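As the structure is a prediction and not an experimental result, all values here were calculated from the model.
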There are 2 protein chains.
Amino acid sequence: MPKRVDHRERRALIADALMRVAAEQGLEAVSLRHVAAAAGVSAGMVQHYFRTRDEMMTFALAVVRERNEARVTRAIRALGATPAPRALLRTMLAELLPLDEERRADGRVALAFLAYTAVRPAVAAALHDETAALLGFIAQLIRAGTVEGVDPEQAAVGLLAVMEGLGIYLLGGHYPPETALAALDTQLDLLFGPEPSPAGRGR
Amino acid sequence: MPKRVDHRERRALIADALMRVAAEQGLEAVSLRHVAAAAGVSAGMVQHYFRTRDEMMTFALAVVRERNEARVTRAIRALGATPAPRALLRTMLAELLPLDEERRADGRVALAFLAYTAVRPAVAAALHDETAALLGFIAQLIRAGTVEGVDPEQAAVGLLAVMEGLGIYLLGGHYPPETALAALDTQLDLLFGPEPSPAGRGR
DNA sequence: CCGTTTGCATTGCAGTTGCAACGTAAACGC
DNA sequence: GCGTTTACGTTGCAACTGCAATGCAAACGG
């Protein structure tokens with residue numbers, strides 16, 4: 001094979017540029033030439049690595065998901081071994097919220113893709129498994145948290161929905177990050193019982 | 001004035017066609033000619049009533065919001081006078097969920113607009129007031145529901161987020177409507193205390 | 001009856017889109 | 001050395017986009 005080039009690296013480079021364009025101007029501004037310009041390469045090169053636009057989009061969507069997964073696993077690993085279920089949940093969910101500019105940019109792209117896949121059911125299927133896995137994980141944590149009187153599965157659905165909704169409203173700028181975090185904690189209080197207020201979060 | 005025509009009616013007709021296009025193929029497929037075709041009129045007519053595409057979009061966004069508001073007030077009015085806070089909340093939130101095909105279509109459009117406005121902060125400002133008003137209303141209901149130990153404002157934020165998140169996942173087809181409704185009820189149980197199970201929702 | 005205003009259709013235009021086609025240069029097997 | 005394969009860059013094209021401009025008919029005021 002001639003001219004050995006790291007195929008994945010190039011694709012990642014292009015997908016990165018795509019993400020930047022999408023975050024700043026929306027998915028509809030994502031075109032071959034536009035992405036190429038943002039990546040500082042020729043349009044032909046983009047076309048070389050992604051034969052169609054749809055292929056490029058699908059790849060970018062996968063990147064978004066991988067980024068989120070990496071973020072979560074990293075945050076969880078930082079908690080050390082055997083953390084309390086509630087702390088683990090809170091860390092995980094807070095990590096998924098668009099609280100800083102980096103995550104806001106990713107969130108905008110994710111939101112755009114959400115609308116994108118809503119019209120392309122075939123692409124959306126990939127997201128189902130992820131949601132299902134996430135729900136199972138959350139339900140398991142709730143179960144381990146010795147919460148009584150609540151169906152863990154349903155509570156997991158609610159909790160994940162809270163996170164998603166908070167993310168949406170944060171992206172829209174409807175309220176500041178602190179409000180979202182406070183609401184998340186209130187939600188966890190409802191589930192696990194009120195915290196003994198360990199000086200960490202008053203008011 | 002010659003040739004009297006109901007201006008608002010025409011605009012509504014066009015906006016309706018726009019909604020159909022957006023629900024089926026996404027906002028990016030919304031073009032002057034496309035919408036005109038869907039409305040069964042000429043492209044020139046669309047241009048006559050909306051001088052720019054952005055004007056058309058803004059109008060359509062307003063229509064979506066008005067539809068939701070109308071839906072909610074209608075559902076609430078059907079509850080009769082002085083309904084219990086919890087029942088009122090549940091009715092209102094359930095009405096906003098994309099549970100049937102009609103609301104799913106509207107939801108897809110709303111989701112598309114969400115992503116649309118995420119990149120156009122100027123347009124998003126109109127949504128803030130609506131969210132704030134809704135939050136105030138929900139908080140007031142929670143207060144009236146004699147829920148102790150929870151900050152009504154934060155609980156309202158959480159509750160609205162649950163609704164939004166459930167809507168997103170419903171649109172994505174991640175779970176069936178019953179799951180979303182069950183999660184909503186679980187959430188209300190957490191807030192108001194478990195229902196005395198009035199034969200309505202067991203399982 | 002005539003001018004003006006309104007409602008709408010058609011056409012034109014510059015810009016952008018995805019994508020195919022073609023070109024070339026480099027690296028490898030032989 | 002040569003042919004083949006990979007990695008691009010360039011060009012071309014048909015389709016589409018928003019929008020301005022133009023045309024025309026109908027309805028009204030005068």
Side-chain angles (χ1 to χ4, degrees), chain A residues 1-61 109 112-113 115-117 119-120 122-123, chain B residues 1-22 24-61 112-113 115-117 119-120 122-123:
Chain A
M1 317 134 200
K3 231 187 194 178
R4 59 276 161 71
V5 178
D6 190 338
H7 216 74
R8 273 186 308 174
E9 183 190 308
R10 298 287 200 199
R11 285 169 83 98
L13 172 86
I14 296 174
D16 218 60
L18 185 154
M19 237 87 96
R20 254 175 291 139
V21 173
E24 286 166 24
Q25 321 186 49
L27 262 198
E28 63 186 21
V30 171
S31 71
L32 292 185
R33 294 180 239 270
H34 218 127
V35 169
V41 302
S42 79
M45 171 155 161
V46 174
Q47 208 174 172
H48 180 69
Y49 286 100
F50 300 100
R51 271 172 305 185
T52 77
R53 189 187 114 110
D54 248 29
E55 198 178 308
M56 185 171 66
M57 296 296 233
T58 306
F59 183 82
L61 175 57
V109 179
F113 269 115
Y116 180 77
T117 56
V119 183
R120 285 162 188 77
V123 191
Chain B
M1 319 134 198
K3 231 185 194 179
R4 58 275 159 70
V5 180
D6 190 339
H7 215 75
R8 272 187 307 174
E9 183 192 307
R10 298 286 200 199
R11 285 168 83 98
L13 172 86
I14 296 175
D16 219 60
L18 185 155
M19 238 90 93
R20 253 173 292 140
V21 173
E24 286 166 24
Q25 318 185 49
L27 262 199
E28 63 186 22
V30 171
S31 72
L32 293 186
R33 295 179 238 272
H34 218 124
V35 169
V41 302
S42 79
M45 172 154 160
V46 174
Q47 210 175 172
H48 180 69
Y49 286 100
F50 300 100
R51 272 173 304 184
T52 78
R53 188 187 116 111
D54 249 27
E55 198 178 307
M56 185 170 67
M57 296 296 232
T58 307
F59 184 82
L61 175 58
F113 269 115
Y116 181 77
T117 58
V119 182
R120 284 162 190 77
V123 191

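To the nearest angstrom, C1' of C:dC8 lies 12 Å from NE2 of B:His7. Atom CD of B:Glu55 is separated from atom P of D:dA20 by 11 Å (rounded to the nearest Å). Between B:Glu28 atom CD and C:dG18 atom C1' there is a gap of 13 Å when expressed in whole angstrom units. Between the CG atom of B:Leu32 and the P atom of C:dC13 there is a distance of 19 Å, rounded to whole Å. Counting to the nearest Å, the C1' atom of D:dG18 and the CG atom of B:Asp54 are 11 Å from each other. When rounded to the nearest whole Å, the span between CE of B:Met45 and P of D:dT22 equals 23 Å. Atom CG in A:Asp6 sits about 17 Å away from atom P in C:dA27, given to the nearest Å. Between the NE2 atom of B:His34 and the P atom of D:dC16 there is a distance of 10 Å, rounded to whole Å.
Looking at heavy atoms from C-beta onward, B:Gln25 lies in side-chain contact with B:His34 at the 4.5 angstrom threshold.
Closest heavy-atom contact between A:Met45 and A:Ile14: O-CD1, 4.4 Å.
Heavy-atom distances to DNA chain D give each of A:Ser42 and B:Gly44 a nearest nucleotide, and the one nearer the 5′ end belongs to A:Ser42. Along DNA chain C, the nucleotide nearest A:Met56 and the nucleotide nearest B:Gln47 are compared for position; the residue whose nucleotide lies closer to the 5' end is B:Gln47.
A close approach under 4.0 Å does occur between a side-chain nitrogen or oxygen of A:Ser31 and OP1 or OP2 of C:dT17. Residue B:His48 places at least one side-chain N or O under 4.0 Å from the OP1 or OP2 atom of C:dG7. OP1 or OP2 of C:dC8 lies within a sub-4.0 Å distance of a side-chain N or O belonging to B:Arg10.
In this structure a side-chain-to-backbone donor-acceptor pair under 3.5 Å is present from A:Arg20 to A:Ala38. Looking at B:Arg11, its side chain never comes within 3.5 Å of a backbone N or O of B:His7 through a donor-acceptor pair. Distance alone, capped at 3.5 Å, is enough to place a donor-acceptor pair between the A:Arg53 side chain and the A:Val30 backbone.
Picking from C:dC19, D:dA7, C:dG7 the nucleotide with the shortest atom distance to the side chain of A:Arg53 gives C:dC19. With D:dC8, C:dG7, C:dG18 as the candidates, the nucleotide lying closest to the side chain of A:Arg33 is C:dG18.
Within 4.0 Å of B:Val30, counting heavy atoms only, lie sugar-phosphate atoms of the nucleic acid but no base atom.
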